[in-house]
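In what follows, a structure is listed as structure tokens, so that the remarks can point back to it.
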2 protein chains.
Amino acid sequence: MVNDPFKALSHPIRRGIVERLAEGPATVGEVTGGFGVSKPAISKHLKVLEETGVVKRVVEGRTHRLSLEPDVLSVAADWMDRQRALWGRLFDVVDEYLKEEGSP
Amino acid sequence: MVNDPFKALSHPIRRGIVERLAEGPATVGEVTGGFGVSKPAISKHLKVLEETGVVKRVVEGRTHRLSLEPDVLSVAADWMDRQRALWGRLFDVVDEYLKEEGSP
DNA sequence: CGGATCGTTAACCATCGGGTTAACCGTAGC
DNA sequence: GCTACGGTTAACCCGATGGTTAACGATCCG
């Protein structure tokens with residue numbers, strides 16, 4: 001069970017799926033094409049994305065319609081905001097450090 | 001050799017190291033405490049962060065002073081900006097989709 | 001010099017991740 | 001009913017990851 005967004009997005013194919021889904025909902029079959037891997041491989045990636053809550057799946061007959069989950073997306077976005085705030089602090093701290101070290 | 005920032009940050013200990021370093025430069029020993037793993041383990045994580053370019057190492061005598069690399073941080077920040085832009089689009093697209101589906 | 005300290009490297013081990021193929025399940029359509 | 005189709009599950013393989021302990025290298029200090 002994966003619930004770490006960074007880990008969920010650490011694989012290029014999963015990021016690719018998210019980007020694909022960003023252009024609109026799609027079925028598993030539609031998502032599968034273009035990554036050069038088999039269906040079961042995509043199925044596993046989708047499972048990870050679903051467990052993390054990034055992707056929502058609606059079964060319509062025998063096809064599965066995939067879309068991105070807004071609520072969890074906002075959580076992920078918040079997380080990224082916190083990270084960016086951290087990076088920002090890093091800039092300041094490192095900058096200050098370099099100033100101290102660079103011209104003593 | 002790792003150069004994927006997401007992959008580099010996909011491990012909680014490595015994120016912990018980055019957060020620790022966000023509070024100011026530190027030596028390997030200072031970073032090591034608090035994660036409950038051995039020095040070699042930390043050494044490996046540091047190697048990954050260094051290869052990715054997130055962390056810079058300056059050898060001062062027998063101690064190594066670690067700090068965060070501003071240039072690469074900006075690259076990572078840009079990457080996150082792009083991701084956030086993507087998330088933003090996702091919101092719009094999904095929202096639109098839900099509107100179409102929700103009230104036909 | 002000799003010992004303590006900071007940190008890495010080496011060798012090894014267990015687990016995880018991501019891929020495959022083959023078989024299966026449920027639904028659609030004839 | 002039977003076949004075709006969309007997709008998952010099962011069993012398996014292999015390389016990567018993350019951890020350990022033990023040994024080593026280099027530097028400081030008495």
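Quick note on labels: first sequence line is chain A, next is B, and so on, each numbered from 1. Bear in mind the structure is a predicted one, so any value in this text is a computation, not a measurement. Note that these values count all heavy atoms, side chains included, but never hydrogens, waters or copies made by symmetry.
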Determine the minimum heavy-atom distance between [X] and [Y], stating which atoms define it.
| X | Y | result |
| --- | --- | --- |
| B:Val31 | B:Arg20 | CG2-CG, 4.2 Å |
| A:Gly61 | A:Val59 | O-CG1, 3.4 Å |
| A:Ile42 | A:Phe35 | CD1-CD1, 3.9 Å |
| A:His45 | A:Ile17 | CB-CD1, 3.9 Å |
| B:Val28 | B:Arg57 | CG2-NH1, 4.2 Å |
| B:Ala8 | B:Thr52 | CB-OG1, 3.3 Å |

Among all residues two or more places apart in sequence or in another chain, which pass the salt bridge (charged side-chain N to carboxylate O under 4.0 Å, His left out) test with A:Arg62?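 Once residues adjacent in sequence are excluded, A:Arg62 has no partner under the salt bridge (charged side-chain N to carboxylate O under 4.0 Å, His left out) criterion.
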Tell me the interatomic distance from [X], atom [atom1], to [N], atom [atom2], rounded to whole angstroms.
| X | N | atom1 | atom2 | value |
| --- | --- | --- | --- | --- |
| A:Lys47 | D:dG7 | NZ | C1' | 13 Å |
| B:Arg65 | C:dT8 | CZ | P | 14 Å |
| B:Leu46 | D:dG19 | CG | C1' | 15 Å |
| B:Leu9 | D:dG18 | CG | C1' | 17 Å |
| B:Phe35 | D:dT20 | CZ | P | 13 Å |
| B:Lys7 | D:dG15 | NZ | P | 15 Å |
| A:Leu49 | D:dG7 | CG | P | 16 Å |

Checklist entry - So B:Arg65 and B:Thr27, side chain to side chain contact (heavy atoms under 4.5 Å, CB included) or not? Walk me through it. => result CA-CA 5 Å; B:Arg65 184 145 296 268; B:Thr27 66; 3.6 Å; yes
Note to self: For C:dT8 and B:Ser43 - does any side-chain N or O of the residue sit under 4.0 Å from the phosphate oxygens OP1/OP2?
What the structure shows: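 B:Ser43 to C:dT8 OP1/OP2: side-chain N or O found under 4.0 Å.
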Below 3.5 Å between N/O atoms, which protein atoms pair up with nucleotides 19-24 of chain C? Just atom names and distances, please.
from, atom 1, to, atom 2, distance (Å)
C:dG19, OP2, A:His45, NE2, 2.5
C:dG19, N7, A:Lys44, NZ, 3.1
C:dG19, O6, A:Lys44, NZ, 2.4
C:dT20, OP2, A:Ser38, N, 2.9
C:dT20, OP2, A:Ser38, OG, 2.5
C:dT20, O4, A:Lys44, NZ, 3.4

| Using a cut-off of 4.0 Å on non-hydrogen atoms, how would the nucleic acid contact of A:Thr27 be classed: base, sugar-phosphate, or nothing? | sugar-phosphate
Ignoring hydrogens and angles, tell me if any N or O in the side chain of A:Arg14 forms a donor-acceptor pair with the backbone of A:Lys7 under 3.5 Å.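 Confirmed, A:Arg14 side chain pairs with A:Lys7 backbone.
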Each nucleotide N or O in nucleotides 26-30 of chain C that has a protein N or O under 3.5 Å away: list the pair and distance.
from, atom 1, to, atom 2, distance (Å)
C:dT27, O2, A:Arg62, NH1, 3.4

